[in-house]
Amino acid sequence: MQKEWFILFVLTVSEFPALSQYQPLSNEYIAWINANQSYWKAGRNFHESEWSKLKLMASGVQLENASLVELSETSYYLKLSKSNIPKHFDAREAWQDCNSIKQIWDQSQCGSCWAVSATAAMSDRICIHSHQILQLYVSADDLLSCCGQCGQQCKGGKPLQAWKYWQKYGIVTGGAFNSSQGCKDYSLPPCKHHNNAQAPSKHNCEQLVLRSPQCVEKCDDFFLSYENSRTFGGKVRRFADEESVQMEIMWNGPVQAVMKVYEDFYNYKSGVYAKTRGKYVGKHAVKLLGWGRENGIPYWLCANSWNSDWGHYGYFKLLRSGNHCGILNQVLASLPIIDFA
């Protein structure tokens with residue numbers, strides 16, 4: 001009965017009059033969201049003048065046939081009973097010593113979510129499967145710039161090919177912009193938006209001519225070896241039902257998931273996000289790291305890559321009912337290859 005109520009809620013909200021008269025980042029649009037549903041709170045994350053460039057940030061996933069990769073059903077987990085799945089799980093709490101799990105990325109005004117969310121999950125898994133010893137960051141910049149099979153870099157890429165690239169060729173280490181966290185740090189600067197205009201560490205991306213980084217097979221630090229900095233993953237798997245995704249996260253760590261983004265999503269601040277009204281923008285890749293309930297509403301806990309000043313400190317909760325926003329259509333991960341030698 002509860003699931004039917006959720007579905008009814010979404011259908012009812014979609015029946016409101018068209019919002020074409022409101023700009024998606026306007027105060028009027030934000031007020032409409034808050035007045036017509038109570039799942040989540042909307043607020044200002046971006047200024048209206050940023051809209052044309054922001055579209056790219058939420059449409060960085062290109063079409064690919066993810067069904068070609070092996071589908072991992074619940075039998076993969078030796079038929080672990082569903083009753084063993086807790087009502088609440090947060091990877092940040094389960095593996096508290098893994099610094100990467102707590103990091104929120106900034107993809108800049110580049111459609112690189114496919115690379116950033118993939119390498120974020122890869123980094124988490126290296127730490128988890130090394131018993132929280134190896135605090136390595138897998139380089140989003142190396143994947144973004146050097147994976148020719150992955151798509152069009154800042155114009156969007158293919159998450160499945162990203163994981164296959166890690167398996168076949170490896171990806172070197174590297175962290176966020178100017179972080180000195182490995183071989184190749186992310187080369188695109190974090191963006192200064194109008195809601196954080198005083199932030200000294202961010203750049204005015206509206207004035208930048210943003211280009212995809214070039215593939216350079218050498219480390220930022222002269223003393224580091226590019227070849228010796230490679231990390232590798234194993235066989236890529238896809239998880240297509242709620243229980244499989246939950247058990248994969250519990251056993252092996254955060255996963256990469258692809259969701260459909262609509263105009264209202266840019267204004268998310270807190271609560272459990274459920275699509276209200278607005279045009280479809282594109283497909284966006286995020287890191288999925290847990291689940292739970294808020295005021296009785298089931299949710300997936302996700303990490304976005306639009307900086308920690310977006311949403312709830314960079315995170316958001318997505319309605320965990322009826323495959324909302326297609327979040328279960330493409331969930332991917334693999335196990336890291338750990339070499340302690």
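Quick note: numbers below take in every heavy atom, side chains included, and nothing from hydrogens, waters or symmetry partners. Just so you know, these numbers come straight off a predicted model, no measurement behind them.
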N/O donor-acceptor pair under 3.5 Å between [X] side chain and [Y] backbone:
| X | Y | result |
| --- | --- | --- |
| His284 | Gly60 | no |
| Asn323 | Leu328 | yes |
| Asp264 | Thr276 | yes |
| Asp221 | Phe223 | yes |
| Thr173 | Cys183 | yes |
| His47 | Ser26 | no |
| Asn307 | Trp310 | no |
| Thr231 | Ile171 | yes |
| Glu263 | Lys279 | yes |
| Asp185 | Gly175 | yes |

Which atom pair, heavy atoms only, marks the closest approach of [X] to [Y]?
| X | Y | value |
| --- | --- | --- |
| Gly234 | Ser334 | O-CB, 3.5 Å |
| Gln62 | Lys155 | NE2-O, 3.8 Å |
| Val331 | Ala257 | CG2-CB, 4.1 Å |
| Lys275 | His324 | N-NE2, 2.9 Å |
| Leu289 | Pro254 | CB-CG, 4.0 Å |

Before we go on, tell me: are the rings of [X] and [Y] under 6.0 Å apart, centre to centre?
| X | Y | answer |
| --- | --- | --- |
| Phe46 | Trp51 | no |
| Tyr268 | Trp306 | no |
| Tyr299 | Tyr273 | no |

Can you confirm whether [X] sits close enough to [Y] that some side-chain heavy atom of one is under 4.5 Å from a side-chain heavy atom of the other?
| X | Y | value |
| --- | --- | --- |
| Cys219 | Ser229 | yes |
| Tyr39 | Leu319 | yes |
| Met250 | Pro86 | yes |
| Ser180 | Asp220 | no |
| Leu54 | Tyr266 | yes |
| Ser270 | Trp40 | no |
| Leu318 | Val272 | no |
| Cys127 | Leu134 | no |

Inset, instruction - Apply the test side-chain contact (heavy atoms from CB on, under 4.5 Å) to residues Val255 and Arg125: give CA-CA distance (whole Å), side-chain angles for both, the deciding distance (0.1 Å), then the verdict. - result: CA-CA 9 Å; Val255 297; Arg125 287 169 166 248; 3.5 Å; yes

Inter-residue atom distance [X].[atom1] - [Y].[atom2], 0.5 Å rounding:
| X | Y | atom1 | atom2 | value |
| --- | --- | --- | --- | --- |
| Glu294 | Leu301 | CD | CG | 10.5 Å |
| His312 | Asn304 | NE2 | CG | 14.0 Å |
| Thr119 | Leu143 | OG1 | CG | 6.5 Å |
| Asn45 | Asp309 | CG | CG | 8.0 Å |
| Cys150 | Trp114 | SG | CH2 | 4.5 Å |
| Gln256 | Asp124 | CD | CG | 12.0 Å |

Could you tell me whether the side chains of [X] and [Y] share a donor-acceptor contact shorter than 3.5 Å?
| X | Y | value |
| --- | --- | --- |
| Arg44 | Asn27 | yes |
| Tyr186 | Ser112 | yes |
| Glu64 | Gln330 | yes |

Legend entry - Whether over 12 other heavy atoms sit under 6.0 Å from Tyr280 OH: yes

Inset, instruction - Establish whether Leu188 and Val216 are linked, either directly or via other cluster members, by ILVMFWY side-chain heavy-atom contacts under 4.5 Å. - result: no

Inset, instruction - For residues 131-145, pull every pair meeting salt bridge (charged side-chain N to carboxylate O under 4.0 Å, His left out), keeping only residues two or more places apart or in separate chains. - result: Asp142-Lys184

Inset, instruction - Please report the C-alpha distance between Trp291 and His88 in whole Å, then the side-chain angles of each, then the deciding distance to 0.1 Å, and finally whether the side-chain contact (heavy atoms from CB on, under 4.5 Å) criterion is met. - result: CA-CA 6 Å; Trp291 63 87; His88 168 89; 5.9 Å; no

Legend entry - Within 45° cone and under 6.0 Å: Arg92 NZ/CZ vs Tyr315 ring: yes

Inset, instruction - Kindly indicate whether a cation-pi arrangement holds for Lys218 with Tyr226, taking the cut-offs as under 6.0 Å to the six-membered ring centre and within 45° of the axis. - result: no

